[in-house]
Amino acid sequence: MSDIFVKLSMYFEYPFVRYALIAGTLIALCSSLLGVTLVLKRFSFIGDGLSHVAFGAMAIAAVANLTNQMLIVLPITIVSAIILLAGGKNRKIKGDAAIAMISVGSLAFGYLLMNLFPTSSNVSGDVCTTLFGSTSILTLSKLDVWLCVILSVAVVVIFCLFYNKIFAVTFDENFARATGTNASAYNLLIAVIIAIIIVLAMNLVGSLLISALVIFPALSAMRVFKNFKAVTICAAVFSVVCTMVGIIVSILASTPVGSTIVGIDVIGFILFWAVGAIGSQRKA
């Protein structure tokens, strides 16, 4: 045990490890806050769809040789989120069908571009890194961390300021409209925040595993708590703890960061499910 602590203290001397923990904690916090809303609104799978959109946008940025990929990735992801979440209910293609179309189309388009216009000799490695986030979280620069901090703080502040409205729109959008709440505006706000979180989370777990950051904390908290505020707080704590543990385990065991974090999330969900089941039996 002492050897583990010695090894950890040695690793913490490296800036990239500290950067990974800071960015990972902030991304996990933001993902869990909006994850509860998305799960309750039956949009759990939107994280997967938007992550594929971000993958396609990242391929465009790579082909264009842009040094700052955010200039393309973030706007395209935000527009796609608005189309899916806040585009209204008059679309002929709705819900899961729209998410599936945008998801598959963007993923295929991005992979096609990366093969037609390769930016390195190892296209397969680049695709694997983008999809699974195997090393990108451990290669963050100070500028990347500051950008993550600014966007994460903005997301948390906006969520806290508009918590009551987001709560109302989440549980009963029609009633919220009847009471004078501009539900469309708050759906738009949720869409923009989700897009920002997805773009940030790609550095942590990659495109294919982003949904885990959104879904597992919310579902785990719902196994134990039934109150919206309690579920949100529990999901945030759960997500941050699992992410920190996942990053530390991946560094010590030399495993891929993204899949390790998701593995810890799965274990956490099983534990919370067991606790919830035991609590239900005692009440009965």
Side-chain angles (χ1 to χ4, degrees), residues 11 16-17 19-39 43-55 58 77 99 103-104 106-107 110 125-140 148 152 155 194-224 231-232 234-276:
Y11 276 120
F16 73 89
V17 175
Y19 292 164
L21 282 172
I22 293 171
T25 300
L26 292 174
I27 293 168
L29 175 61
C30 294
S31 302
S32 63
L33 292 179
L34 269 296
V36 177
T37 295
L38 291 179
V39 169
F43 268 102
S44 303
F45 201 59
I46 195 172
D48 197 54
L50 290 179
S51 67
H52 292 167
V53 171
F55 173 79
M58 192 171 289
T77 309
I99 293 175
S103 172
V104 175
S106 300
L107 188 62
D126 293 340
V127 172
C128 184
T129 297
T130 305
L131 292 179
F132 294 99
S134 56
T135 58
S136 54
I137 189 64
L138 297 178
T139 57
L140 295 176
C148 180
S152 299
V155 167
I194 285 298
I196 293 173
I197 292 171
I198 295 302
V199 173
L200 291 176
M202 283 189 69
N203 283 330
L204 183 62
V205 296
S207 295
L208 294 183
L209 303 176
I210 285 176
S211 291
L213 288 184
V214 175
I215 296 171
F216 276 111
L219 291 180
S220 299
M222 289 176 185
R223 298 309 99 189
V224 180
V231 168
T232 303
C234 179
V237 174
F238 175 94
S239 185
V240 169
V241 170
C242 287
T243 299
M244 293 183 68
V245 171
I247 292 174
I248 292 172
V249 169
S250 69
I251 291 172
L252 292 175
S254 299
T255 55
V257 179
S259 55
T260 304
I261 292 173
V262 175
I264 299 297
D265 280 333
V266 173
I267 294 172
F269 172 78
I270 294 173
L271 292 175
F272 272 66
W273 175 80
V275 171

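Expressed to the nearest 0.5 Å, how far CE of Met244 lies from CG of Leu21 amounts to 5.5 Å.
In this structure, the side chain to side chain contact (heavy atoms under 4.5 Å, CB included) partners of Leu271, at least two apart in sequence or on a different chain, are Ile267. Every residue meeting the side-chain hydrogen bond (donor to acceptor under 3.5 Å, both in side chains) condition with Thr260, not counting sequence neighbours, appears here in chain and number order: Thr255. Every side chain to side chain contact (heavy atoms under 4.5 Å, CB included) that Ser31 has, sequence neighbours left out, goes to Ile27, Ile197, Leu213. The side chain to side chain contact (heavy atoms under 4.5 Å, CB included) test applied to Cys234 returns Ala221, Phe225, Phe272, not counting sequence neighbours. Contacts of Thr232 classified as side chain to side chain contact (heavy atoms under 4.5 Å, CB included), with partners at least two apart in sequence or in another chain: Leu33, Val36, Phe159, Phe228.
What you find for Gly246 and Ile264 is that their closest heavy atoms are CA-CG1, 3.9 Å. The two residues Val231 and Met222 have their closest heavy-atom pair at CG1-CG, 3.9 Å. Summarising the geometry of Trp273 relative to Arg223, their closest heavy-atom pair is CA-CG, 3.8 Å, with the distance given to 0.1 Å.
The side-chain heavy atoms of Ile247 and Thr243, taken from C-beta on, include a pair separated by under 4.5 Å. Asp265 is listed as a side-chain neighbour of Phe238, based on a closest heavy-atom distance under 4.5 Å.
In this structure, Ser32 contributes its side chain and Ala28 its backbone to a donor-acceptor pair below 3.5 Å.
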